[in-house]
Amino acid sequence: MTIDYDTSNRNFRSYSIATASGAAYDPTNPNNYSFSDLTNLPISATDRIYDNGASFAVPTSFLNTLGSFKVGADFSLRSRNSMASTISYTPVNGGYSLASVTGGMSNLTTYGRYPLGPNLNYGQLFGQGYTTSADPISAAQSYQHDRENIYAGFAQEDLQWNKLEVLAGLRFEATDAAYSGYASTTDANGNTTIGGRLRSPRITTTSSRQCS
């Protein structure tokens with residue numbers, strides 16, 4: 001096909017399309033397209049976070065000093081799961097022209113100038129009749145389970161003697177995370193088999209900080 005892009009009009013551009021034989025071709029005509037199948041990809045995902053913490057403070061006195069001792073802890077537990085399914089819909093009577101599912105619909109345009117063709121008539125589209133098939137292999141391959149737990153705690157002492165104040169403390173934080181899914185193998189004939197659970201190496205990080 002040949003596309004002729006016309007820039008002679010400075011206000012807006014236009015174009016025309018011709019086939020190899022020179023005949024005009026309308027890309028917005030639904031009769032030029034056929035509908036063969038429909039794929040739906042529903043995704044199920046959850047992300048749960050539980051977070052809680054507490055801190056306490058008590059007054060202290062040491063060698064004529066006044067102060068307070070504080071201690072606290074916090075933890076965050078997070079669990080995520082996700083899976084995407086693939087469901088294919090195939091017309092019972094085989095493929096059909098797109099014109100048979102756009103009847104009675106108005107033509108869409110961009111800025112009222114560039115035609116896009118008619119919108120779908122969903123009553124006609126879903127009234128065609130379809131057979132459905134799921135893909136459990138791809139669904140299992142998409143499954144993912146993640147766990148991320150964070151633990152933190154601190155302790156500090158604040159002492160004051162006349163105009164002198166000393167603040168000393170220690171903070172500790174640790175992260176424990178793991179990620180898993182299902183392993184799969186494909187043989188020479190293209191057959192895919194879902195195996196056991198595949199887990200990432202356990203990731204653990206710790207840090208501590210002291211101040212005075």
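No single ILVMFWY cluster, assembled from side-chain heavy atoms under 4.5 Å apart, contains both Leu108 and Tyr122. The hydrophobic cluster containing Leu167 does not contain Phe154, counting ILVMFWY residues as joined when their side-chain heavy atoms lie under 4.5 angstrom apart, directly or transitively. Under a hydrophobic-cluster definition in which Ile, Leu, Val, Met, Phe, Trp and Tyr are linked whenever side-chain heavy atoms come within less than 4.5 Å, directly or via other members, Met1 and Ile3 are assigned to the same cluster. Note on Leu38: it does not cluster hydrophobically with Met105, by side-chain heavy-atom contacts below 4.5 Å among ILVMFWY residues.
One distance of note links CG of Leu77 with CD of Glu148; it measures 11.5 Å at 0.5 Å rounding. Between the OG atom in Ser16 and the OH atom in Tyr5 there is a gap of 12.0 Å [rounded to 0.5 Å]. Taking OG of Ser14 as the reference point, atom CG of Asn9 lies at 7.0 Å (rounded to 0.5 Å). For the atom pair CG of Leu120 and OG1 of Thr102, the computed distance is 7.5 Å after rounding to the nearest 0.5 Å. Taking CG of Asp26 as the start and CG of Asn32 as the end, the distance is 6.5 Å to the nearest 0.5 Å. Between the OH atom of Tyr114 and the OG1 atom of Thr28 there is a distance of 14.5 Å, given to the nearest 0.5 Å.
Side-chain contact between Thr175 and Ile150 is present, with heavy atoms from C-beta onward closer than 4.5 Å. Proximity of Gln144 to Ser82: side-chain heavy atoms (C-beta onward) are separated by under 4.5 Å at one or more points.
Between the side chain of Tyr151 and the backbone N or O of Phe172 there is no donor-acceptor pair closer than 3.5 Å. Here the side chain of Ser97 pairs a donor or acceptor atom with the backbone of Ala99 at under 3.5 angstrom. Of the possible polar contacts, one joining the Ser142 side chain to the Ala84 backbone as a donor-acceptor pair under 3.5 Å is found. With hydrogens and angles disregarded, a donor-acceptor distance shorter than 3.5 Å links the side chain of Asn121 to the backbone of Gly103.
A salt bridge does not link Asp6 with Arg13: none of the charged nitrogens is closer than 4.0 Å to a carboxylate oxygen. Using a 4.0 Å cut-off between charged side-chain N and carboxylate O, Arg78 and Asp146 make no salt bridge.
Partners of Thr131 according to the side chain to side chain contact (heavy atoms under 4.5 Å, CB included) rule, which considers only residues two or more places apart in sequence or in another chain, are Thr90, Val92.
Aromatic ring orientation, Tyr182 versus Tyr143: tilted (interplanar angle from 30° to 60°).
If you check the side chains of Thr60 and Glu157, you find a donor sitting under 3.5 Å from an acceptor. Neither side chain, Gln156 nor Asp158, offers a donor N or O lying under 3.5 Å from an acceptor on the other.
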In residues 61-76, what donor-acceptor pairs under 3.5 Å come from side-chain atoms, sequence neighbours left out?
{"from": "Ser61", "atom 1": "OG", "to": "Thr65", "atom 2": "O", "distance (Å)": "3.2"}
{"from": "Thr65", "atom 1": "OG1", "to": "Phe62", "atom 2": "N", "distance (Å)": "3.2"}
{"from": "Thr65", "atom 1": "OG1", "to": "Phe62", "atom 2": "O", "distance (Å)": "2.4"}

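Under the side chain to side chain contact (heavy atoms under 4.5 Å, CB included) rule, Asn107 has a single partner from Pro30, Pro118, Pro115, which is Pro118.
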TODO: Just do the side chain to side chain contact (heavy atoms under 4.5 Å, CB included) check on Gln128 and Asn93 with the steps written out, would you?
DONE: CA-CA 8 Å; Gln128 293 290 327; Asn93 298 319; 5.8 Å; no
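Arg80 and Asp47 make their closest contact through CG-OD1, 3.1 Å (heavy atoms, listed as atom of the first residue, atom of the second, distance).
Between Phe35 and Tyr96, the distance separating the two ring centers is shorter than 6.0 angstrom.
Stacking of Arg113 on the aromatic ring of Phe12 is recorded, both the 6.0 Å distance cut-off and the 45° axial limit being met.
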